[in-house]
There are 2 protein chains.
Amino acid sequence: MDKAEYNAFLSACPSHKLLERISGKWVALILSALGSGPDCAGQPRAMRYSELSRLLAGVSQKMLTQTLRSLERDGLITRTVVATVPVTVSYELTELGLSLFTMMRGLKLWAQTHMDDVFTNRVAYDNASA
Amino acid sequence: MDKAEYNAFLSACPSHKLLERISGKWVALILSALGSGPDCAGQPRAMRYSELSRLLAGVSQKMLTQTLRSLERDGLITRTVVATVPVTVSYELTELGLSLFTMMRGLKLWAQTHMDDVFTNRVAYDNASA
DNA sequence: CTGTATCCTATATGATACTG
DNA sequence: CAGTATCATATAGGATACAG
């Protein structure tokens, strides 16, 4: 069956798997926070759960935890627990995660250069239909 | 309210909007088809609806049409109708769409280089939990 | 050939309450 | 502080039937 073959192709395609990995609502933001620091312009550094929670003001606890876990699972960040009272947990980019963060700078550059054009086209298209 | 401000930030962030634009299940595949041709290695060229439908064997008519329309709306592809009987419709990358396709080559390169590491880590993580 | 219209399901995300 | 558990909702995606 064609569909089965194609789904197999999709499952095997590295680009497709990368898109699935980075397309979550909070993935890019967490990588950006850990890669650029809270001011979005500094050096990579570890951040605590509460610090991330405050920086990404719109994130729910569920999604923050879930996204952090999945990034840890994929070896993109590390999770470090210090047994203070109360407990202290910090997250930091791995080498692999840093490499992903760096790659996404290219994506960011394209976005900054061209997304305005995209949205201009979108508005024009909608006006033409109306 | 923090959340409102953060959502406003999200809505304004070009990188985030770009990820929303390219993260659809069929977006990258359609761009790739129009940018590389059916053999995924050639030159950019126009393709007909039925040709895309055959190449992307897993896509439903609904999703193919919907994705093509949204890409046209954003000025990434053009839709050309020739009034034969029955009608002939072809799609082609615009300059902007071609530029996006080119940018995604960098993403593809990262994926080909590093996604195996990611999945190796993932398996190791799952085994450690079990 | 190139779609539209309708219904249906799966998944992602979010809100809220509770805990070591 | 750093989560977990549960419930609710929105949206993406797909199956199927029909049409110019």
Side-chain angles (χ1 to χ4, degrees), chain A residues 1-7 10-11 16-17 19-30 33-34 46-74 77-92 129, chain B residues 1-4 6-7 10-11 16-17 19-30 33-34 46-73 77-92 129:
Chain A
M1 195 184 203
D2 274 357
K3 289 190 181 182
E5 281 178 39
Y6 199 76
N7 287 334
L10 273 184
S11 304
H16 195 256
K17 292 192 285 192
L19 279 172
E20 285 188 337
R21 169 63 279 186
I22 65 176
S23 65
K25 186 167 179 178
W26 304 104
V27 173
L29 294 160
I30 290 176
L34 296 176
M47 292 180 73
R48 298 179 55 179
Y49 182 92
S50 53
E51 199 173 2
L52 287 167
S53 181
R54 237 173 299 115
L55 188 63
L56 282 57
V59 73
S60 63
Q61 285 187 322
K62 174 183 172 179
M63 288 315 297
L64 181 55
T65 299
Q66 183 176 305
T67 307
L68 287 168
R69 284 283 189 286
S70 72
L71 291 170
E72 184 198 4
R73 180 173 178 243
D74 288 356
I77 65 175
T78 56
R79 176 176 182 268
T80 307
V81 181
V82 180
T84 50
V85 179
V87 66
T88 300
V89 181
S90 66
Y91 296 90
E92 187 167 16
S129 306
Chain B
M1 194 183 205
D2 274 357
K3 288 190 181 181
Y6 199 75
N7 287 333
L10 273 184
S11 304
H16 195 257
K17 292 192 285 193
L19 278 172
E20 285 189 337
R21 169 65 281 187
I22 65 177
S23 65
K25 187 169 179 179
W26 304 104
V27 173
L29 294 161
I30 290 176
L34 296 177
M47 293 179 74
R48 295 180 58 178
Y49 182 92
S50 52
E51 199 172 2
L52 287 168
S53 181
R54 237 173 299 116
L55 187 62
L56 281 56
V59 72
S60 63
Q61 285 187 323
K62 174 186 171 177
M63 288 315 298
L64 181 54
T65 300
Q66 183 175 305
T67 307
L68 287 169
R69 284 284 189 285
S70 70
L71 291 170
E72 185 198 4
R73 180 173 178 242
I77 65 176
T78 55
R79 175 177 183 268
T80 306
V81 182
V82 179
T84 50
V85 179
V87 65
T88 301
V89 181
S90 64
Y91 295 90
E92 187 167 18
S129 306

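Computed from a prediction, not measured in an experiment: that's the story for all the values here. Side chains included, hydrogens not; waters and symmetry mates left out as well; all remaining heavy atoms used.
- To the nearest 0.5 Å, atoms OH (B:Y91) and CG (B:L64) are separated by 7.0 Å.
- Closest approach of A:R48 and A:V87 over heavy atoms only: NH2-O, 4.4 Å.
- Here the options are B:I77, B:I30, B:L56, the test is side-chain contact (heavy atoms from CB on, under 4.5 Å), and the partner is B:T67; only B:I30 passes.
- Minimum heavy-atom separation, A:K17 to A:S11: CD-O, 3.5 Å.
- Applying the 4.0 Å criterion to OP1 and OP2 of C:dT4, one finds that B:Y49 has every side-chain N and O outside that range.
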Base versus backbone protein contacts along nucleotides 5-20 of chain C [heavy-atom cut-off under 4.0 Å; B, S, -]: -BB-----BBB-B---
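- Atoms CG and CG, from B:L55 and B:L29 in turn, are 9.0 Å apart once rounded to the nearest 0.5 Å.
- Between atom CE of residue A:M63 and atom CD of residue A:Q66 there is a gap of 4.5 Å, rounded to the nearest 0.5 Å.
- Within the nucleic acid shown, A:S53 has no heavy atom closer than 4.0 Å to any nucleic acid atom.
- Contact annotation: B:R69 side-chain N/O to C:dT4 OP1/OP2 distance is under 4.0 Å.
- Atom CD in A:E51 sits roughly 17 Å away from atom C1' in D:dG3 (whole-Å rounding).
- Rounded to the nearest 0.5 Å, atoms OG1 (A:T80) and CD (A:E72) are 9.0 Å apart.
- B:K25 NZ to A:S23 OG: the interatomic distance, rounded to the nearest 0.5 Å, is 12.5 Å.
- The nearest whole Å value for the distance from the CZ atom in A:R79 to the C1' atom in D:dA2 is 8 Å.
- Summarising the geometry, the separation between CD on A:E72 and P on D:dA2 is reported as 15 Å, rounded to the nearest angstrom.
- Distance check: A:Y49 OH to A:R79 CZ gives 10.0 Å after rounding to the nearest 0.5 Å.
- Residue B:L68 contributes atom CG, which lies 11 Å from atom P of C:dT2 at whole-angstrom precision.
- When the C1' atoms of four end pairs are superposed on the next four at each end of the helix from C:dC1-D:dG20 to C:dG20-D:dC1, using five pairs per end, the two resulting axes differ in direction by 50°, to 10°.
- Atom pair B:M47:CE and C:dT2:P shows a separation of 11 Å (rounding to whole Å applied).
- Look at A:R48 and you'll find a side-chain N or O under 4.0 angstrom from OP1 or OP2 of D:dA2.
- For B:R54 and C:dC1, the shortest distance from a side-chain N or O to OP1 or OP2 is not below 4.0 Å.
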